[in-house]
Each structure stands twice: as C-alpha cells, then as structure tokens.
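Data block below; observations after.
Remember, it's 1-based here, ligands and their atoms both numbered in the order they're listed.
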Amino acid sequence: MPNLYVLIIGAGFSGLYQLYTLRPLGLRVKIFEAAPDIGGVWYWNCYPGARVDTGSECYQFSLSSLWKDWNWTEMFPGQNEMQKYFHHVDEKLDLKKDICLNTRVRSAEWQECEKKWIITTEDGTIVRTRFFFICAGVNTEPLIPKFEGLDTFKGVWHHTARWPRNGLDLIGKRVAVIGTGASGVQVSQEAAACASKLTIFQRTANPCLPMRQRKIYTCTAELESNKKRKEDLYPAMFRRMLQTPGGLAYTSVPQTTFSVTPEERHLFYEQLYAQGGVGLWLCGYSDALTDRKANDEVYAFWRRKTLRRIKDPKVAEKLAPEHPENAFGVKRISLEQNFYEIFNQDNVELVDLSENPIERISEDGIITKDGTEHLIDVLVMATGFDSISGSITAIDIKGKNGVTIQEKWSQGTHTYLGEIHGEWLANLMKYAQTKHIERIETCPEAEEGWRQLVFGINAMTLFATGKSWYNGANIENKPFEPLSFVGGVPLYMQKCQEVAEHNYEGFVLS
Ligand code: NA7
C-alpha cells in the first residue's frame, strides 16, 4: 500500500466520521479495522439481547443526509438494527472503499528520519503514514478473568463481545452468566426465557432502570409524519445535545435535591422513572452526582421501586442492597426490560460472589467457595472490558526516541464524542497541510495541565468514589484514576476550541 497521510484505526462511529471529515481535504486516508465489517462494538457484540441503552434518536450521526432516510424501528435498537444503520451510513457516504477490513494494527513506531509512523498489522503488512488516529473504541478489549480451570471446562464458553456470529443455542441448556453490567443483564433476560437453568453470578449489585422499550414509526403514516417531525426537530436536538454534560439528549434540572419538598421530589422521581431510560440517572436534580446525601435519595427511591418487583426478600436485598457499594450512577447504569422479574422464575438462581466467590472452573461447571459445583453447559463471560485505554494500550506504540507514549495517550482520549473530535482533528490536519507540519506532539506541561483539570473536576463529583471501568477499577493493577473528562461537553468543546484558536497551543508542531 502506498504511503498514507492519515491512518485511522477503527470503523465504529468515531473512525467513520473521521474518514468522512478528512476526505474533503484530498488526503490519502484509510481506515484499518480488525473486524470483517464496520460498526465497531455493534459488530462485535452480537450476544443474545445486545441492545443500545441510549435513546435511538440521539444515538446516531447528526448529518441530515443520513437521518432523513433513516427511521429507527425501536426506541432502543438491537444489534441487528445497529448493523443495518452502519450499512446505511456506508451506502450514503460511500466509505467502505477506503476501509481495510480484517486488518488489526499491532504496532506503530515513529521513524524520525522519515517523519512517518511505521504501522505493522497482525499479518505482518507494513504501512507508512504521517499521522495516525486511534478511533478503536471505549469498550473494545474484552476482560476475561483468569479463572483457574477454565481450560478444563468441557462445555461452551464465550465472552459477550466475542459471541459466535451464527449464534449459540441456549434452549434447554444450563447457562451461567458471570457479570451483571449491561451485557450480563441483557443476555440474562434472553437466557431466562429459554434455558433450563440460568445461574447469574453477581459480584456487585449494579442498579438497572426500566428501559420501557417501544416500537416507533412502523407504518407508512407514522413514517410520513416522522419525516416532517425530524426536519422540524432534529437540527435543534443535535445542537441541544452539545449543550448537555454527556452530549446526549439528557440533562439535569437546575434545582438541587433538598431545595424542594419531599412530595415534589417524589413526584419528580416518579415521572423520571415512568418515562423509562436513563432519566432517573441523568435528568434528576443537579446535585445527584456530586452530593452523597442527594444521591442517596435517588438510590432509596430506586430501591423501593425495585424491591417490590422481586418476590424473595433475600434475593431482593442482594440485587438492591440497603447499603450499596457505589453511589447511584457512578458506575454506568444499565437499562432492563424484565431483569428483576426473572429472579421470580424457578429456573433462575442468583449467586452472590461477594459472600461466595468463584474458586475455580471444573470440567462441568463453576465451583464456589462454599464447595457447591454449579453444573452448566454454557458459560457466558459478561465480564466487561479493559475500558477506554485498553484499545490504545493493545497497540505497541513507540513514539519519538523510542519512548512508549501509550501512557500519555491514555489520559483523556475518548472516542465517544466522535463528531466533535472528527471536526477538530480535520481542522488540525488542514492546518498541518497549510503549514507543512510533519510532526505533532503534546508538550509535557500542557499534558500535565489537562491531567490536573481532568482529575480536579472528577474529584468534585461522586465519580471519584466509584469502583467502575470509568476509572480503571475493574482491571487488576490498572491505576485508579479518571479515564474520561467529566466536566461536560460544553466545557470540553470550549477547551478544544481555545487550543485551536491559539494555533494549537500546548502542541509542539514541527
Ligand atoms: P461491565 O459494565 O464492565 O460489567 C462487567 C461485569 O462483570 C460487572 O458486573 C463485574 O462485576 C463483572 N465481573 C468482572 N470481572 C469479574 C470477575 N472476575 N468475577 C466476577 N464478576 C466479574 O461490562 P458490560 O459488558 O456489561 O458493559 C460495558 C458497557 O457496554 C456498558 O457500560 C455500556 O456502556 C455498554 P463488578 O461490578 O466489577 O464487581
């Protein structure tokens, strides 16, 4: 392959948008994508029940050329619909011709004499590029705990993000699910409906909110009215999203929790809960994620609602404990459809790993500390990912003078806001072209300043206390520190804009 100007790693939301923004500059740009198809996490996560848990209207590109001909069928689309969406994006923007699929990047080494990165892929192919952007995703590198005896297990086991493409029959099987994050919840709901026995191994209770899934725009009349509705509302909705903390259509109200009467508070929580989705987490009072007492109020409300859905009080207490390990929402809240009701079924059992941990895996199942052997046919590892920095550190990156720069990059690199980054980096590339810049580095002082800002804002919130992948807590020996910027999208955009306006202050351009 001839030399590139920019190599993008990853064909999920961020990578695709990056390609779209760089194309008009007439540069030689390619995407290398490890998977056989585009879509990023929406290619890999094909386990039963895999589903978006953000409302579909804000979980899409803001380009009118894409949304005007696209109609979601569900408020919370499944993996299948997400894959169709990505194919629609490709069809409209004609992206695939610049994407090399089945191409996993292994290493990137800066060659000072050539002023280029030497990129090596898994099959040994070498490509030279002036710049490379990692758009490899936030939850990409599966975390597979090293359970003793896993290699002796005679049944079938898979991580949720490496599920067999042709599916796996769970009907009548004895299924174990380890993990109760979003993936564990979703796969458990499906398995409970068809497995002869489902055993769910929970280490930490993780509150889930009702999804209240609904079909949307299915008949022609609805589609017609939706067309008009989208034209009227979408542009404002996408602009509004950039004014919210998370870049989604959710924001808290200005009041604080105890500035209103208990009755008013209760009514408000009821409304948020009834709407479904992440409202109770992200649209509540403004101090819910900064003040523990305020947070406890939300949790107490959620707990009351949840306890009454589970018949066995002992199981209910484990799923919605009086004294939770984490503040409400400092670990990502999952959405559920009937997760709490499945524990009322005879074929579903909960094992609390906090009091009875997994000792080892046997040929036939899982042995817990109390000596019980849980006999199973299928083991589902819904155990999460080396999140946020894992997809960067998976690449062996050697920067100038052979120094590994992975550590530096793991701070604040976040592909979630793909469009913002895409536009910003495209402008930087335009600048680099005009000024004949061959190398772009961050200067250590600017890097440290950014780190301090990320840490400082995080420390003002309850996120600093959460044992979550948000701060590396799920990976042994990973530093416990914020891996993303919780200061909100408006401040983040302002900072990015200031840097660009000051000729990329904080970067060394040469
Ligand atoms: P998550 O949210 O990281 O959940 C992983 C789950 O696996 C969580 O319940 C963990 O318990 C559990 N886990 C991890 N390691 C172990 C071991 N060794 N033993 C027992 N249990 C374990 O990953 P998901 O895939 O569900 O969701 C990731 C994101 O994708 C989600 O937030 C959405 O954004 C979409 P823990 O809570 O750490 O005690």
Return each pair, listed once, that meets salt bridge (charged side-chain N to carboxylate O under 4.0 Å, His left out) where at least one residue sits in residues 271-288; pairs must be two or more places apart or across chains. none
Side-chain donor/acceptor pairs under 3.5 Å, residues 133-147, sequence neighbours excluded:
unit_1: N139; atom_1: OD1; unit_2: S387; atom_2: OG; d: 2.6
unit_1: T140; atom_1: OG1; unit_2: A136; atom_2: O; d: 2.5
unit_1: T140; atom_1: OG1; unit_2: G137; atom_2: O; d: 3.4

Can you see whether T257 engages E297 through a side-chain donor-acceptor pair at a distance of less than 3.5 angstrom? no
Is a side-chain donor-acceptor pair under 3.5 Å present for S362 with D364? no
Atom-level proximity to ligand 1, residues with heavy atom under 4.0 Å: N139, P145, F147, I178, G179, T180, G181, A182, S183, R203, T204, K331, R332, L353, A382, T383, G384, F385, W469
Residue list, ring-ring contact (aromatic ring centres under 6.0 Å, His included) with F385, at least two apart or on another chain: H159
Considering the options I178, I342, V351, which one meets the side-chain contact (heavy atoms from CB on, under 4.5 Å) requirement together with I200?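 Answer to the side-chain contact (heavy atoms from CB on, under 4.5 Å) test with I200 among I178, I342, V351: I342.
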